[in-house]
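In what follows, every chain begins at residue 1, and chains take the letters A, B, ... in the order their sequences are listed.
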Amino acid sequence: KNAIERDERRLTELGRRCVEIFVFAHIF
Amino acid sequence: YWDTDENDNESGKKPSELFGKFTWRIEKISQVNKRELRSIVFEVGGYKWYILIYPQGCDVHNHLSLFLCVANPDKLRPAVVNKDPKKSKYSDTLHWFWKKEHDWGWKKFMELSQVLDGFVVNDTLVIKAQVQVIREKKSRPFRCFDCTYRRELVRVYLTSVEQICRHSIEERRGKLGKLIEDKVRWSRNHLSREKTEVILKEVVKQFFIEKEVASTLVMDSLYSGLNMLESQSISKKGRAKLLDTEETPDPMVSIDKDMFVLADDMLLLLERAILEPFP
């Protein structure tokens, strides 16, 4: 179960970083 | 950051109504001498579908070819079921179906020798399709609706999602890196917000419409990442909860109504965006 939760967090964090970098790339 | 039907307040069908499964049992498979076999028609998300297989391959040798067929915009996920569930073969893809391209699948879905190794039992082959119909909304990532299937995708595709995200982030970092050298040009209050819809359209275009990637899981990752940013913007409780289990960097971007807003001083954030390790 811990491994699944870790994967889930990783997936969410990856998605968040992608959205953030798109905001930066757009604004700048 | 993974929500359910209850908090999906968009109009139209509920997520659970857009997802469906179909199992096709092909008995006496060894006696089949037709070039192609069609399943019966089944319905998911208001569309009719059928599976098409070529037991001896479609223009290829030694492979089972497998396609999902329909006539409207959708996404598909077929799988062949092994007697050992851990060995079942899963293949996931996104596809925009249209009039002239109403089928989508894999010519080399599986080698024939592999088909005989546990997939054909008592001369019966079982094929399972899981179909998710995507609402046409270009300014929002979408999620994978079925929890079990999503877990299977994470097991199979997480590494490739990482590679895709890394490539995308590093490409943009490279461009931002050139900007940061020109510090005088930037001030705190200029160019610090943009409509969420404008940016999310770019995100969806990059990962879905331009077909740089064809996996549900990338879109699902973006969906939950966006939910995380929203939660962190609305309430600090969400963040505190996350920190209980793992240290996560502060968000660089917050969401204010329908705008993305930079969460700190522009140059500090720019440094972070470029230098912070890949998650």
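Of the atoms belonging to B:Arg166, not a single heavy atom falls under 4.5 Å from chain A. Both the backbone and the side chain of B:Ile169 come within contact range of chain A, with heavy atoms under 4.5 Å apart. Heavy-atom distances place no part of B:Ile274 under 4.5 Å from chain A, backbone and side chain included.
Here the CG atom belonging to A:Leu14 is positioned 7.0 Å from the CG atom belonging to B:Leu158, to the nearest 0.5 angstrom. Between the CG atom in B:Leu200 and the NE2 atom in A:His26 there is a gap of 11.0 Å [rounded to 0.5 Å].
The nearest pair of heavy atoms linking A:Glu13 to B:Pro249 is OE2-CD, 3.9 Å. Residues B:Glu276 and A:Arg17 share a closest heavy-atom pair of O-NH2, 3.4 Å. Nearest heavy-atom pair, A:Arg16 versus B:Asp250, reported as atom, atom and distance to 0.1 Å: NH2-O, 3.9 Å. The heavy-atom pair separating B:Ser221 from A:Leu11 by the smallest distance is OG-O, 2.8 Å. Considering all non-hydrogen atoms of both residues, B:Ile199 and A:Val23 come closest at CD1-CA, 3.8 Å. Across all non-hydrogen atoms, the minimal contact from B:Gln206 to A:Phe22 is CG-CZ, 3.7 Å.
A:Val19 places none of its side-chain heavy atoms less than 4.5 Å from the side chain of B:Val253. Contact of the B:Met252 side chain with the A:Phe24 side chain is registered, since non-hydrogen atoms from C-beta on lie closer than 4.5 Å. Taking the side chain as every heavy atom from C-beta outward, B:Leu176 and A:Ile21 approach each other to under 4.5 Å.
In this structure a side-chain-to-backbone donor-acceptor pair under 3.5 Å is missing from A:Thr12 to B:Ser224.
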